[in-house]
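I have placed the structure first, in the form of structure tokens, so that the comments after it can refer back to it.
Bear in mind the structure is a predicted one, so any value in this text is a computation, not a measurement.
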Amino acid sequence: MGGSLENLEIVMFYIMVIAFVVSTVLYWLGMAIKKDIINHLATFAAIIGLIANTGAIVLRWVITQRPPLTNGYEFILTFCWGIVAIYLFVEFRYKFKALGSFVMPVPFLLLMFIVMKMGPTERVSGAIPPALKSQWLTFHVFTAMLAYGAFAISFGLGIMYLIKTSANTNEKNTKDSWLSHFPHENVLDELAYKMIGFAFPMLTLCIVTGAIWANYAWGTYWSWDPKETWSLITWIIYAAYLHARLMYGWKGKRAAWMAIIGFVAVLFTFFGVNYLLPGLHSYA
């Protein structure tokens with residue numbers, strides 16, 4: 001029974017990979033060709049990918065009899081789920097499909113990292129490390145998933161804002177170009193702010209629950225482990241974004257650049273620390 005479930009999990013994983021690749025390509029084509037049917041197909045592919053992503057996570061949970069949150073492969077699965085789930089919510093809430101061209105490449109590249117860099121042995125669900133045997137793990141990773149997903153959306157919105165504002169042609173000349181799919185700059189800016197406003201408390205909870213979990217596992221709330229340090233750096237970047245916006249009215253290009261820089265810090269916290277600065281979180 002276990003073997004059949006593991007095979008089904010592998011099937012779900014590759015359905016997810018194919019769906020996210022197809023979705024990314026279709027979103028790009030939809031911007032270039034401007035056919036609604038292509039954009040609808042892109043959304044449908046993203047939904048199929050999210051369903052398969054959910055199936056892979058649930059199957060891993062059933063197989064291991066624990067939350068699937070204890071190694072790099074499992075963390076990437078949850079990262080992708082958070083990005084796509086929040087993206088689809090934003091798309092359906094704001095009827096804004098052009099964003100998919102800038103968000104869906106992120107889970108696509110994350111999955112390519114698994115395919116290219118993680119062999120079968122690295123994807124195997126091994127025994128849970130003693131430090132991870134805590135209920136705080138679920139809260140810690142769940143809040144991280146929501147925060148990172150929303151930060152990815154703000155990253156895509158920041159790129160769109162910079163592209164939109166750097167265009168030198170006027171509205172009359174751009175109404176038939178691919179830029180015509182972009183909302184007004186103010187809409188992009190405000191939505192990025194809303195995403196960061198949602199994600200920042202989640203990141204704060206992620207750090208707090210991680211500190212409680214660290215005290216449970218290692219007897220200290222904070223040890224300046226590289227992952228802890230870079231999580232704090234990421235938190236400071238987004239705190240500075242919110243402070244500058246609320247206190248000094250920062251909007252526009254400066255805010256867009258901060259959203260992009262913040263997500264680069266997220267990616268470094270997620271990947272760079274594990275491969276360049278090994279520490280207590282090397283299993284993650």
Side-chain angles (χ1 to χ4, degrees), residues 16-17 19-21 23-25 27-28 31 42-43 45-47 49-50 53-54 57 69 72 74-94 96-114 141-163 182-183 187-207 230-231 233-235 237-239 241-242 255-274 284:
M16 173 179 56
V17 171
F20 288 165
V21 171
S23 178
T24 300
V25 172
Y27 276 120
W28 288 342
M31 281 218 311
T43 301
I47 293 171
L50 182 63
N53 196 165
T54 304
I57 292 172
L69 307 167
E74 294 171 358
F75 273 101
I76 291 176
L77 287 185
T78 59
F79 193 2
C80 290
W81 192 95
I83 293 170
V84 178
I86 293 175
Y87 164 69
L88 288 172
F89 170 80
V90 171
E91 180 183 309
F92 284 110
R93 173 68 176 81
Y94 295 97
F96 175 18
K97 291 183 179 292
L99 180 59
S101 299
F102 298 89
V103 173
M104 289 306 298
V106 178
F108 159 61
L109 291 174
L110 289 172
L111 294 177
M112 288 301 101
F113 178 84
I114 292 177
V141 179
F142 181 72
T143 52
M145 175 184 71
L146 294 177
Y148 290 177
F151 286 143
I153 308 303
S154 70
F155 167 77
L157 290 163
I159 291 176
M160 293 181 73
Y161 184 93
L162 294 175
I163 292 173
F182 288 21
V187 175
L188 295 169
D189 180 75
E190 187 64 25
L191 186 53
Y193 170 58
K194 288 180 179 179
M195 288 294 103
I196 293 174
F198 165 77
F200 183 73
M202 294 297 104
L203 179 61
T204 303
L205 285 173
C206 172
I207 293 173
W230 274 92
S231 294
I233 291 171
T234 303
W235 186 91
I237 292 171
Y238 285 112
Y241 170 97
L242 293 172
W257 275 113
M258 287 189 74
I260 292 169
I261 292 169
F263 190 65
V264 171
V266 167
L267 291 177
F268 187 80
T269 302
F270 197 84
F271 288 106
V273 169
N274 294 337

*Identify the two heavy atoms, one from Ser231 and one from Ile207, that lie closest to each other, and give their separation to 0.1 Å.*
O-CD1, 3.8 Å

*Could you give the distance from CZ (Phe270) to CD1 (Ile76), rounded to the nearest 0.5 Å?*
5.5 Å

_Contact between Ile233 and Phe268 at the side-chain level, heavy atoms closer than 4.5 Å - yes or no?_
no

*With Thr24, which residues qualify under side-chain contact (heavy atoms from CB on, under 4.5 Å), at least two apart?*
Trp28, Met104, Pro105, Phe108

*Would Trp235 and Thr269 count as a side-chain contact (heavy atoms from CB on, under 4.5 Å) if you check the C-alpha gap in whole Å, the side-chain angles of each, and the deciding distance to 0.1 Å?*
CA-CA 11 Å; Trp235 186 91; Thr269 302; over 6 Å; no

_For a quick test of reading the model, state the closest non-hydrogen atom pair linking Ala42 to Ser23 and the distance between them._
O-OG, 3.0 Å

*Excluding sequence neighbours, so at least two apart, what forms side-chain contact (heavy atoms from CB on, under 4.5 Å) with Leu205?*
Thr143, Met202

Extract all donor-acceptor atom pairs below 3.5 Å that involve side chains of residues 193-200 and protein atoms in other chains or at least two apart in sequence.
none

*Please indicate whether Tyr94 has more than 12 foreign heavy atoms, meaning atoms of other residues, nucleotides or ligands, lying under 6.0 Å from its OH.*
yes

*side-chain contact (heavy atoms from CB on, under 4.5 Å) partners for Ile261, two or more places apart*: Ile237

*How long is the gap from CG on Leu157 to CG on Leu99, to the nearest 0.5 Å?*
5.0 Å

*Can the ring centres of Phe102 and Phe182 be said to be less than 6.0 Å apart?*
yes

*What pair of heavy atoms forms the shortest contact from Leu88 to Ala46, and how long is it?*
CD2-CB, 4.0 Å

*From Met160 CE over to Phe155 CZ, what is the distance, rounded to the nearest 0.5 angstrom?*
12.5 Å

*Taking atom CD1 of Ile260 and atom OH of Tyr161, what is their separation to the nearest 0.5 Å?*
11.5 Å

*Please tell me if the side chains of Phe96 and Leu188 come closer than 4.5 Å, counting only heavy atoms from C-beta onward.*
yes

What pairs of donor and acceptor atoms, side-chain ones from residues 80-87 against any protein atom, are under 3.5 angstrom apart with sequence neighbours left out?
residue: Trp81; atom: NE1; partner: Thr54; partner atom: OG1; Å: 2.7
residue: Tyr87; atom: OH; partner: Tyr27; partner atom: OH; Å: 3.1
residue: Tyr87; atom: OH; partner: Glu91; partner atom: OE1; Å: 2.4
residue: Tyr87; atom: OH; partner: Gly100; partner atom: N; Å: 3.3

*Test side-chain contact (heavy atoms from CB on, under 4.5 Å) applied to Met16 - qualifying residues, sequence neighbours left out*: Phe13, Phe20, Ala52, Asn53, Leu77, Leu111

Result block: side-chain N/O donor-acceptor pairs under 3.5 angstrom for residues 145-154, not counting sequence neighbours:
residue: Ser154; atom: OG; partner: Phe151; partner atom: O; Å: 2.7

*For residues Ala259 and Tyr241, report the shortest heavy-atom separation together with the two atoms involved.*
N-CD1, 4.5 Å

_Counting C-beta onward and ignoring hydrogens, is there a side-chain heavy-atom pair between Trp257 and Leu162 closer than 4.5 Å?_
yes

